[in-house]
Every structure is written in C-alpha cells, then in structure tokens.
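Quick note: residue numbers are just sequence positions, from 1.
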Amino acid sequence: MGFIPGPSDPFYELMQPPPDETPAQATARQKRELDAQRVNDKIDEDIKQERARAKKERNVIKLLLLGQSESGKSTTLKNFRMRYTKVEWDQERSGWRSVVQLNIVRSITTVIRIVEADMNGEAADSEEEQLTPIDTVKSEPLKFTDRHQLLMIRLAPLLSVETELKRRLGAGAEHIHPAPMSATPFEVPQASSLRRKKPTEFSVRSWKDILENNSRITHSVEAAASDVDLQTLTIAGCKDDMKALWQDKAVQQALQRRGIQLLDTAGFFLNDLDRIATRDYAVTDNDIVRARLRTVGMQEHRLSFKHGPWDDPKTGRPSGWEWRIFDVGGCRTLRRAWLPYFEGVNVIIFLSPVSVFDQRLEEDSRVNRLEDSIILWTSICSSTLLAKTQLILFLNKCDLLRRKLKRGVRVNQYLPSYGERPNEVMAVVKYLREKFKDIQKQCSPEHRSAYIYPTTVTDTEATAVTLESVRDGVLRENLAASQLI
Ligand SMILES: Nc1nc2c(ncn2[C@@H]2O[C@H](COP(=O)(O)OP(=O)(O)OP(=O)(O)O)[C@@H](O)[C@H]2O)c(=O)[nH]1
Ligand SMILES: [Mg+2]
C-alpha cells in the first residue's frame, strides 16, 4: 500500500489531478498510476523474496573441492558422505562392487600389457607417468616361460568382464577393447589381444547416478535369480591365476624395471584378491574409499548439520546448516568448467598430493604434477572472484610420500630448491606447507588465514578427525560472515 498524504501535507497539492483535466485525460492518468503501482509492487515483492532467500541461504554453505586429477577430491567427498549421510552411503554400497571389480580387472590388464611388451622385447620407456629413473635390473633378460603365456590365456575372459562392467556402469564408458559384446566370458580370445597401448581411464559423468542404477541392477539380479552375476563368477574363477601372475617374480621384475609401482596406483586391490575375487564379495567402507572412478562431470552432494545458529521462524527451533559440496573433475581439459562454481562459494578445499614430486601429469607428460598443483593453488589464491572464500588446503597422500621416501627416492633430485633438508616425511610436508602458505599470503587479494592439514584421505579414521576440525572452522567463519547479512 503506497503513502497517501492528507490535505495538510506539503505533498497533498502535488498529488491532486490538474483542475482542468478532461475525462479522457483522467482515464489515461489513472491507467498510468495503476501501471506505476504494479511496477512498484513487483519491485517490493522481488526485494522481499531476495531478503527471504538471503535469510534462508544464511544457513547454506557452498563448498568446492578442487585439485588436479587423482588428488583425492572424490575420496574426500566419500569421507564426508560416509560420516554425515550414512543412510545414502549404505544404499549405494552394492553399486560400488562393480567399480572395485573393474579396478581389479584394470590392474590385471596393466600387468598383462607390461609382461607382453617385455616378452616382445619392447623398450622399457615412458610406460607410466613416473619420472623415477628405471635403473636396477635394466639389462638382465627376464625369464618368462610357457607358464606365463598360459596364465595370460586363462585370464583372457577378463576382457569381456571389463566390457560388461563398463556397460553396466553406463555413460562415459570408453570402449577400448574390440571384444564383441556378445562374446561370453568363457570364449577365450588370443592373449595378444590384451596387448595394447596404455588405455584411457574409465570415467563417468556422475558416480552418484551410476551407483544408484547399478545398485538397482545388482539388487534386482539378486532378487530375481538369487544367483551370482556372470562377471563375479568369472572374476572368482580367475582368482588363483590373477594371484599367480601378480605374485610372480619375473612379473614383479618387469614392473620394477619400467618404474611401475602398481601398489601406489589408484584403485589398487590386487593384494585383496582372496577377499574380493569371490562369489559372495561384500563391499566394505574401506573398499569404497579406495575405489577409483574418475570424475568428468560435476557432482553436487548435500549434507545437513542439525545445529545452526538461527531459529526456524515457523517452529522456533534452531534450524541447521546445509552444506552443498561440489566435486569436479581435476583433469586439465576439465578445469574451465570450474569457473561457474566460483560464484558465491564459501569454502574451497584444495587437495595437493605431496607424493607426486617425481610424477608427470597423465594428460600432459611434459608437466610435473607438483608444479601443476602449485600453479593451480597460485591462481586460486590470486582470484579476485574468490577473494572472500575461505581456503583450506589438504596436503594429501602422506602415506604414499612415506612409501616413496622409504624406497629411497630423493626429493631434491626433482625439487632442487629442497636442498639438503632431511629426506623425511615430516620435513617434506613442512617444506611444502611453508611454500603453499607463502603463496597464499603473497597472492591473496585480501587478508585471510590459511588452514592447512597434512592428510591421507584413504585413512578414514584420521580423516574423520580432520573433517570435524574443518567443519568447526567453516561454521565459525561462516557464522561470523552470515551475521553480517
Ligand atoms: N594411498 C592413498 N591413496 C589415495 C589418497 N587419496 C586418494 N587416494 C586414491 O587416489 C585415487 C584418486 O582419488 P580420487 O578421489 O578419485 O581423485 P580425484 O581428485 O577425484 O580425481 P579426478 O576425479 O580425476 O579429478 C583413488 O583411488 C583414491 O583411493 C591418499 O591419501 N592415499
Ligand atoms: Mg573425482
């Protein structure tokens, strides 16, 4: 309702119609006034809605997970979900079975590819992205026998298993094998058809969707036939041969001389074959956290925390916080897609793996992974769009750093600025912590503090403690910010 001045008000005169107004002019004036009133009402309504939205959104925290590919973004998201959305987590559990199985098959095909390359005398160069020089057993001929050949022929059915698992997992599957879909797992293709260049990694647009589908399929198959699916049967049937190949001395040597540390690669489960390559394999929390499924799309997950700072105006009860966590693909070609999510983001957790100082990017083998991570961090800290965003840094994969240093890899060989500092985990983490902190201080457009955690996000117990601390820190900062609204 607009302001209507009375006769004593100075505006009263101004608001009176002209004394010589004709009836047509009066109608036109009234229409004009009505239109103006409608516009006013619309503006008032918009303002009201914007205020209500801002008030509602006071309880929403937008958190973006960033970092290069394989830095551990999705694994961090899994930790959040395992801890704070247990019901959904359990619902998706059976869907992860195919992912773990696919990870196993992928590891075995990698082993076979290496062995066959060695049998054929192919050069042992640039197989993997490791920069670690290939030294020790370079010139010794490896002793591969008919037994190895036989093992590989017996493992050939895994080819069809891989195709079928990818088909089941759905969109994004890269059909790198020429094996026809109709081939049953028991038809034995030539072992040499397993030989090929390093395959592109299987990826999906959103693992949330495919897991929902996949767990439905798994459930319905189980319910309908109360039987085990063909892929699980084939994998179980190949268990002993997979173990024999993986544990073989000549195979281990072949991997070693190509600088391949399969144990440290994403989605490694070959040491768990006894438990996983079985008909009744039950997926554990730890398996889910370790399973590798590359992200190419954006995934949004929502968590709610019961206790928020505001009372719900309807019930009078405290209304909780809602966290919207966005997980994106970290591969170089996908990074342009990050930009739209910078708008209004409250928190960024940036993951930088500390164990990658001797590795190159898979998507560009000229670029050192640690260097790439530092460049990314610098641009995030410098972004004016993110000037008010709280930055949290996870110096991740501390366990892999420990293993690498134990193997005798020297940091200063790849990072000359590391100098003569001790070649130990604590010292490396401290050095990198200072480096990232300095960049953050120098490049941030506004003053902000750095929250830095050394992490191993596959260690769910330790990560739970970190997440509690992150949660409290984020809530504290955002409470202060939202009180200003
Ligand atoms: N050993 C070890 N493995 C880790 C750690 N963090 C992540 N991983 C593993 O590394 C692999 C890659 O992790 P993801 O979380 O999928 O990486 P991402 O950053 O989401 O990668 P993209 O989706 O390609 O951007 C997975 O198999 C994880 O289990 C860690 O701290 N230690
Ligand atoms: Mg991911």
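- Contact of the Lys62 side chain with the Leu64 side chain is not registered, since no non-hydrogen atoms from C-beta on lie closer than 4.5 Å.
- Considering CZ of Arg403 and CG of Leu401, their distance stands at 11.0 Å, rounded to 0.5 Å.
- A salt bridge does not link Lys430 to Glu434: none of the charged side-chain nitrogens sits closer than 4.0 Å to a carboxylate oxygen.
- When all heavy atoms of Cys398 and Val429 are compared, the pair lying nearest together is SG-CG2, 4.2 Å.
- Atom OG of Ser355 is separated from atom CG of Leu370 by 9.5 Å, given to the nearest 0.5 angstrom.
- Nearest approach of Phe394 to Thr455, heavy atoms of both residues: CB-OG1, 3.6 Å.
- Remark: Ser382 OG to Gln440 CD distance equals 10.5 Å, nearest 0.5 Å.
- Shortest non-hydrogen contact noted between Lys73 and Leu66 is CD-C, 3.5 Å.
- Side-chain contact annotation: Thr295 with Ser74, donor-acceptor N/O pair under 3.5 Å present.
- Smallest separation of non-hydrogen atoms from Trp96 and Lys78: CH2-CE, 3.5 Å.
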Test side-chain hydrogen bond (donor to acceptor under 3.5 Å, both in side chains) applied to Thr284 and Asp287, step by step: CA-CA 5 Å; Thr284 66; Asp287 293 343; 3.2 Å; yes
Chi angles and distances behind the side chain to side chain contact (heavy atoms under 4.5 Å, CB included) call for Thr460, Asn79: CA-CA 7 Å; Thr460 51; Asn79 276 277; 3.5 Å; yes
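- Heavy-atom minimum distance, Arg448 versus Cys381: NH2-O, 3.0 Å.
- Between Asp327 and Arg81, no side-chain nitrogen of the basic residue sits less than 4.0 Å from a carboxylate oxygen of the acidic one, so the salt-bridge criterion is not met.
- A donor-acceptor contact closer than 3.5 angstrom links the side chains of Arg168 and Gln231.
- Ser449 OG to Glu477 CD: the interatomic distance, rounded to the nearest 0.5 Å, is 5.5 Å.
- A salt bridge links Lys31 with Asp35: at least one charged nitrogen is closer than 4.0 Å to a carboxylate oxygen.
- To the nearest 0.5 Å, atom CZ of residue Phe326 and atom NE2 of residue His301 are 11.0 Å apart.
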Verdict with reasoning, Ile288 to Val283, per side chain to side chain contact (heavy atoms under 4.5 Å, CB included): CA-CA 7 Å; Ile288 301 178; Val283 188; 3.6 Å; yes
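- The number of heavy atoms from other shown groups lying within 6.0 Å of NZ (Lys48) does not exceed 12.
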Stepwise side chain to side chain contact (heavy atoms under 4.5 Å, CB included) test for Leu270 and Ile104: CA-CA 6 Å; Leu270 291 186; Ile104 284 193; 4.2 Å; yes
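- Exactly one of Thr75, Asn103, Thr458, Asp272 qualifies for a side chain to side chain donor-acceptor pair (under 3.5 Å) with Arg290. That residue is Asp272.
- Relative orientation of the Tyr418 and Tyr431 rings is perpendicular, given thresholds of 30° and 60° on the angle between their planes.
- For the residue pair Gln68 / Ser71, no side-chain donor-acceptor distance below 3.5 Å is found, with atom types taken as modelled.
- Annotation: Glu45, atom CD; neighbour count of heavy atoms from other residues, nucleotides and ligands within 6.0 Å is above 12.
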Audit row: Phe350, Leu376, side chain to side chain contact (heavy atoms under 4.5 Å, CB included) steps and yes/no: CA-CA 9 Å; Phe350 183 84; Leu376 255 184; 3.8 Å; yes
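- To the nearest 0.5 Å, atom CG of residue Leu415 and atom CZ of residue Arg421 are 9.0 Å apart.
- Taking every heavy atom of both residues into account, Thr85 and Arg302 meet most closely at CG2-O, 3.9 Å.
- Aromatic ring pairs are classed by plane angle as parallel below 30°, tilted from 30° to 60° and perpendicular above 60°; the pair Tyr414 and Phe357 is tilted.
- The pair Asp399-Arg402 does not meet the salt-bridge criterion, since no charged nitrogen lies less than 4.0 angstrom from a carboxylate oxygen.
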